[in-house]
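Everything on this sheet refers to the single structure shown next.
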Amino acid sequence: YDNFIKHIFNLPFKVINNRSTGEIITRISELNNIKELFIELFISCFLDIFFIIGSLVVLFLINKYLCLFLVVLVIIYSLVIIITHTHLYKRAKQNINYQTAINAHVTESIDMLISVKNLNKTNSVLSNLEEHITNYLYDTFSLKNFLNSLEIIQDYILEIGLFCLNTYGFILIFKYKITMVDLMTFNTILYYFIEPIKKVILLLTKYNFLRASFNKIAEFIDLEEEKIVENEFFTNGDITFENVCYSYNNYFNIIDNFNLHIKAREKIMLKGKSGSGKSTICQMLNQTLKPMSGKIIIDNKNIADYNIYTL
């Protein structure tokens, strides 16, 4: 958890600037969810597999033919989740994206609350938020229906299978291969085999959400951290902007072929209307933003050659 947060802080600003605050907060909060779900998966799987193996051995000792029939039934039962595994992962990933969109919108709207009120955009912001929430609720409802449908199909397969199993058991009784007591004992122990199987299959569904969340976090983990050189030497001097260009949308250059020379210790004032690029120039000077073209030179050295920590 701590290492992930440190990793976020050590990422280049350009990378962080392309991610919404809500998305980063969502990824951090998902770390706790992943930890809890992983513990649940580990403990549940360990206990359930123990019961499955133990009860299967006892069932085999009672009658190997009924046990073989049961194994085939479980394979058919499990195929429903295995076949829909890929689709379920996509649905889980999509649901997480909708949830992230809500968190991002709420976080950014709160950060810009003063501007929203001053510009009288409250209704517009709330309308967009309502749209995000509607999409999330609809997707969640649709996902729940899909999971319920899978559960109904599985229950149907299980009930039909158990009916056939008991029918086959009665046939074996009539052929004097097992007794009624054997069949009753088989059905009693069968509970300790079927219930853990159901839990393990349910964990496969949770695994898809765990996998989708982890892949989202992995997108941040795979990003290369910024290399920081703490003892790099920096010298003040003349500042020169040479044909510097910058665009926020790759279509319109807010800074276009900008040239400026500032002598050492000279004080200047940037003047212009709002949105003309004053703050952008200052952010490029300390490498918070990097020019799309051109150079910024301090004391005859391109600031691109400096580490951001030094600047």
Side-chain angles (χ1 to χ4, degrees), residues 33-95 139-215:
N33 297 335
I34 288 176
K35 181 182 70 174
E36 294 172 2
L37 188 55
F38 182 80
I39 293 173
E40 181 185 355
L41 286 171
F42 180 78
I43 295 176
S44 297
C45 280
F46 179 79
L47 293 175
D48 290 334
I49 290 175
F50 174 78
F51 276 107
I52 290 170
I53 295 174
S55 57
L56 187 62
V57 171
V58 176
L59 292 171
F60 181 82
L61 293 176
I62 294 173
N63 188 273
K64 61 181 180 181
Y65 298 109
L66 287 176
C67 186
L68 180 61
F69 191 102
L70 181 61
V71 170
V72 173
L73 173 60
V74 169
I75 292 174
I76 296 173
Y77 179 82
S78 304
L79 279 176
V80 176
I81 285 294
I82 295 173
I83 292 172
T84 58
H85 178 72
T86 302
H87 178 70
L88 188 57
Y89 168 72
K90 291 179 180 179
R91 293 298 303 272
K93 189 175 181 180
Q94 178 178 288
N95 192 259
D139 185 73
T140 302
F141 176 76
S142 176
L143 181 58
K144 290 288 185 182
N145 282 341
F146 177 72
L147 293 175
N148 289 336
S149 299
L150 292 182
E151 186 177 353
I152 291 172
I153 294 172
Q154 287 177 309
D155 289 342
Y156 180 79
I157 292 173
L158 188 60
E159 292 300 324
I160 295 296
L162 292 178
F163 174 79
C164 295
L165 178 69
N166 282 286
T167 302
Y168 180 60
F170 281 112
I171 293 174
L172 293 178
I173 291 174
F174 291 140
K175 291 182 178 181
Y176 300 103
K177 291 186 178 182
I178 62 171
T179 65
M180 180 62 75
V181 175
D182 291 333
L183 182 60
M184 292 177 65
T185 305
F186 191 93
N187 276 287
T188 302
I189 300 175
L190 184 62
Y191 172 83
Y192 298 99
F193 178 77
I194 293 297
E195 288 304 314
I197 287 290
K198 287 183 177 180
K199 291 179 181 178
V200 170
I201 295 298
L202 181 61
L203 288 176
L204 289 177
T205 302
K206 293 183 178 180
Y207 165 75
N208 282 293
F209 283 91
L210 174 64
R211 179 186 166 201
S213 296
F214 185 79
N215 284 341

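Predicted, not measured: the structure shown is a model, and the values here were computed from it.
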Inset, instruction - Check the pair R91, N208 against side-chain contact (heavy atoms from CB on, under 4.5 Å), reporting the backbone distance first and the verdict last. - result: CA-CA 9 Å; R91 293 298 303 272; N208 282 293; over 6 Å; no

Inset, instruction - Give the intermediate values and the outcome of side-chain contact (heavy atoms from CB on, under 4.5 Å) for residues N215 and K93. - result: CA-CA 9 Å; N215 284 341; K93 189 175 181 180; 5.9 Å; no

Legend entry - side-chain contact (heavy atoms from CB on, under 4.5 Å) between L147 and L88, worked out: CA-CA 9 Å; L147 293 175; L88 188 57; 3.5 Å; yes

Legend entry - K198/L158 under side-chain contact (heavy atoms from CB on, under 4.5 Å): CA gap, chis, key distance, verdict: CA-CA 10 Å; K198 287 183 177 180; L158 188 60; 3.3 Å; yes

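With rounding to the nearest 0.5 Å, the separation of CG in N145 from CD1 in I152 is 9.0 Å. Summarising the geometry, atom CZ belonging to F46 is positioned 11.0 Å from atom CZ belonging to F51; distances are rounded to the nearest 0.5 Å. In this structure, CD on Q94 lies 10.0 Å from OG1 on T140, to the nearest 0.5 angstrom. We find the CG-CG distance between D155 and L150 to be 11.0 Å, quoted to the nearest 0.5 Å.
For the pair L165 and F186, the minimum side-chain heavy-atom distance is below 4.5 Å. At a threshold of 4.5 Å between non-hydrogen side-chain atoms, the residues I194 and Y77 do not count as touching. Here the side chains of L79 and I157 are not in contact, with every heavy-atom distance at 4.5 Å or above.
Side chain to side chain, D182 and T179 meet the donor-acceptor criterion of an N or O pair below 3.5 Å.
A side-chain contact (heavy atoms from CB on, under 4.5 Å) with P196 is found for one member of D48, I49, I53 and no other, namely D48.
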Output a table of donor-acceptor pairs, distance under 3.5 Å, between side-chain atoms of residues 62-75 and any protein atom two or more places apart or on a different chain; print 'none' if there are none.
{"residue": "N63", "atom": "OD1", "partner": "Y65", "partner atom": "N", "Å": "3.0"}
{"residue": "N63", "atom": "OD1", "partner": "L66", "partner atom": "N", "Å": "2.9"}

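Annotation: F146, atom CZ; neighbour count of heavy atoms from other residues, nucleotides and ligands within 6.0 Å is above 12. In F60, the CZ atom is not crowded: 12 or fewer heavy atoms of neighbouring residues, nucleotides or ligands sit closer than 6.0 Å. Around the OH atom of Y89, the shell of radius 6.0 Å holds more than 12 heavy atoms that belong to other residues, nucleotides or ligands.
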